[in-house]
Amino acid sequence: MLRMDNKTISNLLEETASLLEIGGGDSFRIRSYRRGAESIEQATSQLTEIATGEDAVKKLLEIPGIGKAMAAHVVEIASTGRLGFRDELLAKYTPSILELLKLPGMGPKTVALLWDAQEIGDIDALEAAAKAGKLDDLPRFGKKLVEKILKGIEDYRRHSGRFRIDVVDNAATELTRALLKIPGIDTVTPAGSLRRGRETAGDLDLLVTGPSCEESLSAATAEKVADLDGIASIMAQGNNKVSFLLQNGLQVDVRLLPRSSYGAALQYFTGSKTHNVALRQRALKSGYTLNEYALARVADNSIVGAATELEIYSALGLDWIPPELRENLGELDAAEQRKLPKLIEQKDVRGDLHMHTTATDGHNTIREMAEAAAERGYEYIAITDHSKNLAMTNGLDDRSAINHVHHIRQVDKEMAGRIRVLAGIEVDILSDGSLDLSDSVLAEMEIVISSVHTLFNQPAEEMTARILRAIENPHTRILGHPTGRLLLRREPFSFDLEAVLQKCAELGVAVEHNATPERLDLRDRDLRLAHELGCKIVIDTDAHQTTSLGNIRFGILQMRRAWLTPSNVLNTLPLKKLLTSLRPKR
DNA sequence: GCCGTTTTCGGCCCGACTGTTTTCAGTCG
C-alpha cells in the first residue's frame with residue numbers, strides 16, 4: 001500500500017493554502033486549508049488507512065476542521081499520492097516558488113508581486129535580481145528591503161529548521177542570567193514552544209518584566225537588551241521588543257512588558273496559536289475580548305484579568321491549563337469540566353529501568369550506578385546491559401549474562417536496602433523475530449527489554465512482523481527504543497508503529513520512552529497514541545554513566561504533552577506494585 | 001472552506017513592527 005504519513009498529507013494542504021494566498025484567494029478559505037492541515041498533522045491515527053477504508057468520508061468529517069472538500073482532498077491524496085488542486089495552482093508558477101515564503105519578511109503578497117513583475121520563482125533568481133538592482137523599481141522595494149532579503153537568503157542557507165529543545169533551553173538559561181543583570185529587570189520567563197515542552201522550537205520567546213519595562217523606560221531598556229553579549233545580529237528593535245539571532249542561528253524575541261499585564265502576555269506568547277484562537281473565540285462568546293494586554297469586557301473595555309494567567313482562565317470559567325496541554329486538543333473542555341489530568345512530574349519517578357555498565361558499553365560499574373541512583377533518592381534500578389548480538393559493545397552471551405546476574409544480585413545485597421537493584425538485559429531482536437539469549441537465561445531476570453535498535457533496513461511490513469514476534473515472546477516485558485532511534489538517520493527505517501503499540505497494549509508489554517533530550521524515543525504525538533491505545537509506559541535514561549541518571553526533564557515534558565499521569569507510567573510505582581504491573585512471568 | 005445556544009447564511013482573533021507610505025500595506029507571531 002502507498003505509504004503516506006499524516007505529515008505529508010498535511011504539507012500538501014498547507015502548500016495549497018500558501019498557493020491560494022499567493023493567488024490572492026479568499027482569506028477565510030485559506031484559513032480553512034491551514035486549519036485542516038493542522039488537524040491532520042495532530043491526528044493520532046493514520047489517515048491514509050482511514051481514507052482508503054470503509055466510510056472514509058464519514059470518518060474524516062468527524063475530525064474538526066475537516067469538511068466535505070477537505071475530506072475529498074484527503075481521500076485523493078491517500079489513493080493517488082497527489083492533490084490535483086494543488087498541482088493545478090502550482091502550475092501557474094515554478095515549483096520552487098513555495099520556498100520563497102520561508103525567507104523572513106517574504107509573505108504571499110511579496111511573492112506574488114515578484115512573480116507577476118519579473119517571474120521570480122526561486123531563491124537563486126531572487127538573489128540574482130536583488131544583486132543586479134532589478135528589484136529597485138518595484139513598489140515598496142527600497143534599499144532596506146532589498147538588503148533584508150539578501151540577508152534573509154544568507155541566513156536561510158546557513159540555517160533553516162527547528163532547534164532541539166535542550167539547545168533552546170540552554171540559550172534561555174544563559175540569556176535569562178544576562179537579562180537579570182540589567183537594572184530594573186526582575187523576572188524573565190521563557191514562553192512559546194519551550195514553555196509548552198515541544199521537542200523542538202523554531203525560535204525562543206523570552207518575556208521580561210520589572211520596573212525598567214514600564215512604558216516610559218522600556219525603550220532605553222530595549223537598547224540594553226540589544227547590547228547583550230552573544231548576539232550575532234539584530235533583526236528588529238522596537239520600544240517593547242528586540243529580535244535577534246544568536247551565533248547558532250536561533251532567533252530570540254525578547255519582550256519587555258509592564259507588570260500589570262504580565263499574565264496576559266505570558267498566556268498570549270505561550271500559545272499555541274490554535275489554543276489561543278480557541279480561547280479568544282470562547283472569550284468573545286462570553287462578552288470578553290482577549291489580547292496580550294488583558295482580558296476585557298467588550299461592552300466597556302473594563303479589565304477583567306491581566307496580571308496572572310490564573311485570573312484570565314478563571315474569568316473564562318476554566319481551570320488554569322498547564323502549558324504542555326495548550327494545543328487545542330480538548331484541554332479547554334476538560335478545564336471547563338474541572339477534569340484536567342494531574343500530569344506526571346519529575347518527582348513522581350521512583351526508579352530507572354534501563355542502564356548499562358562496564359560489563360558492556362557503559363562507563364561505570366554496577367555499584368557506581370546503584371550508588372548514584374540511591375543518591376538521587378530512587379527506590380530501585382534495573383541493570384540492563386547488552387546481549388551478545390551487539391558485539392561491538394561486548395554484548396553478553398548466555399553464560400556471561402548469568403554471571404552478570406550474579407554480580408547484580410551481589411551489589412543488590414551490598415546496597416543493604418538503600419536501593420533495590422534488579423537484574424535485566426537489553427536483548428536484541430534477531431532477523432526471525434526471536435531474541436538472542438536463551439529462555440532459561442531470560443527467566444532469571446526481572447526486566448527484559450527487547451530492543452528495536454539494532455534492526456537493519458528492511459521493508460516496513462517485514463520489520464513490523466519481526467517486532468510483533470519479539471513482543472509476543474513471553475519474556476519481553478518492555479519494548480525498547482520503540483521508534484528505532486539509533487537507525488533513524490538511515491532512511492528508510494519505518495514500520496507500523498500503531499500496530500506495534502497495539503500489540504504491546506494487548507499483551508501488557510510496557511513501551512519505553514527514553515528521556516534524554518537527544519534520545520526522545522517517542523515523539524509527543526507517538527506518546528499520545530501509545531496512551532490512547534492503553535500502553536503502559538516506562539521512562540528511563542538508557543544511562544551509560546552515572547551522570548546521565550535522572551536526566552529526564554525533557555522526557556517528562558513530552559509525557560505531560562501526552563496527558564500522562566503517574567498512573568500511566570510504570571516506574572512511578574513502588575517496587576512491588578511495579579513488578580506486579582509488568583507483564584506476568586510465564 | 002468550515003461551522004452552528006448567532007444553525008443552511010454570514011460570520012470567521014488581534015496588535016506590533018517594518019519600510020515605505022504623509023495614512024498604510026504587508027508580515028509575523
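Below, chains carry the letters A, B, ... as their sequence lines are ordered, and counting in each starts from 1.
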S.K.: Please report the distance separating the P of dT7(B) from the corresponding atom of dG11(B), rounded so that it comes out in whole Å.
M.R.: 11 Å
S.K.: Using atom P of each nucleotide, how far apart are dG10(B) and dG15(B) to the nearest Å?
M.R.: 26 Å
S.K.: Write down the distance separating the C1' atoms in dT8(B) and dC3(B), rounded off to the nearest Å.
M.R.: 10 Å
S.K.: From the list dC12(B), dG15(B), dG29(B), which nucleotide is the closest neighbour of the side chain of Y268(A)?
M.R.: dG29(B)
S.K.: Measuring from the side chain of E292(A) (C-beta onward, heavy atoms only), which nucleotide among dC17(B), dG15(B), dG29(B) has the closest atom?
M.R.: dG15(B)
S.K.: In whole Å, I'd like the distance from the CG atom of L61(A) to the C1' atom of dC3(B).
M.R.: 12 Å
S.K.: If only side-chain N and O atoms of S27(A) are considered, is one of them under 4.0 Å from the OP1 or OP2 phosphate oxygen of dC12(B)?
M.R.: no
S.K.: Would T110(A) and R140(A) count as having a side-chain donor-acceptor pair, cut-off 3.5 Å?
M.R.: yes
S.K.: Between T274(A) and N276(A), do the side chains contain an N or O donor and an N or O acceptor separated by less than 3.5 Å?
M.R.: no
S.K.: Which nucleotide wins on minimum distance to the side chain of T110(A), given the candidates dT18(B), dG26(B), dG29(B)?
M.R.: dG26(B)
S.K.: Considering only dG29(B), dC17(B), dT6(B), which nucleotide approaches the side chain of K285(A) most closely?
M.R.: dT6(B)
S.K.: Compare the minimum distances between each of dG1(B), dT20(B), dC12(B) and the side chain of R31(A), then state the nucleotide with the smallest one.
M.R.: dC12(B)
S.K.: Output yes when at least one side-chain N/O atom of Y293(A) is less than 4.0 Å from OP1 or OP2 of dA16(B), else no.
M.R.: yes
S.K.: Send over the distance from E21(A) CD to dG26(B) C1', rounded to a whole Å.
M.R.: 11 Å
S.K.: Parallel, tilted or perpendicular for W115(A) and Y93(A), by the 30°/60° rule?
M.R.: perpendicular
S.K.: So, N568(A) and T565(A): side-chain donor and acceptor under 3.5 Å apart, yes or no?
M.R.: yes
S.K.: Provide the distance between the two C1' atoms, one in dT20(B) and one in dA25(B), to the nearest whole Å.
M.R.: 9 Å
S.K.: For atom P, what is the distance between dC9(B) and dA16(B), given to the nearest Å?
M.R.: 38 Å
S.K.: For atom P, what is the distance between dG26(B) and dT21(B), given to the nearest Å?
M.R.: 14 Å
S.K.: Take A69(A) and F141(A), find for each the nucleotide of DNA chain B with the closest heavy atom, and name the residue whose nucleotide sits nearer the 5' end.
M.R.: A69(A)
S.K.: Using whole Å, what does the distance between atom C1' of nucleotide dC24(B) and atom CZ of R140(A) come to?
M.R.: 11 Å
S.K.: Taking NZ from K241(A) and P from dT18(B), how many angstroms apart are they, rounded to a whole number?
M.R.: 8 Å
S.K.: Consider the side chain of K109(A), meaning its heavy atoms from C-beta on, and name the nucleotide among dC12(B), dG1(B), dG26(B) that approaches it most closely.
M.R.: dG26(B)
S.K.: Can you tell me the distance, in whole Å, between the NZ atom of K148(A) and the P atom of dC17(B)?
M.R.: 13 Å
S.K.: For the side chain of K144(A), counting heavy atoms from C-beta on, which of dT18(B), dT20(B), dG29(B) is nearest?
M.R.: dT20(B)
S.K.: Reckon N240(A) touches a base, only the sugar-phosphate, or nothing at all at heavy-atom distances under 4.0 Å?
M.R.: sugar-phosphate
S.K.: In whole Å, I'd like the distance from the CD1 atom of I234(A) to the P atom of dT18(B).
M.R.: 11 Å
S.K.: When you check the phosphate oxygens OP1 and OP2 of dC14(B), does a side-chain N or O of N291(A) lie under 4.0 Å from one of them?
M.R.: no
S.K.: Distance alone, cut at 3.5 Å: any donor-acceptor contact between the side chains of T209(A) and R259(A)?
M.R.: no
S.K.: What is the pairing partner of dT8(B), taking Watson-Crick or G-U wobble pairs with both distances under 3.5 Å in any strand?
M.R.: none
S.K.: Under 4.0 Å between a side-chain N or O of S32(A) and OP1 or OP2 of dC12(B)?
M.R.: no
S.K.: Given dC14(B), dG29(B), dT27(B), which nucleotide is nearest the side-chain atoms of R255(A)?
M.R.: dG29(B)
S.K.: Roughly how far, to the nearest 0.5 Å, is the CG atom of N291(A) from the OH atom of Y268(A)?
M.R.: 8.0 Å
S.K.: Is R82(A) salt-bridged to D87(A), cutoff N-O under 4.0 Å?
M.R.: yes
S.K.: Just how far, in rounded Å, is P of dG29(B) from CG of L207(A)?
M.R.: 15 Å
S.K.: Of all the choices, dG29(B), dC14(B), dT18(B), which nucleotide is nearest to the side chain of T289(A) once you look at every atom?
M.R.: dC14(B)
S.K.: Taking dC28(B) as the reference, what is the distance to dT23(B) when you measure between their P atoms (whole Å, please)?
M.R.: 25 Å
S.K.: Rounded to whole angstroms, how far apart are CZ on R282(A) and P on dT5(B)?
M.R.: 13 Å
S.K.: Return whichever of A236(A) or L101(A) has its heavy-atom-nearest nucleotide of DNA chain B closer to the 5' end.
M.R.: A236(A)
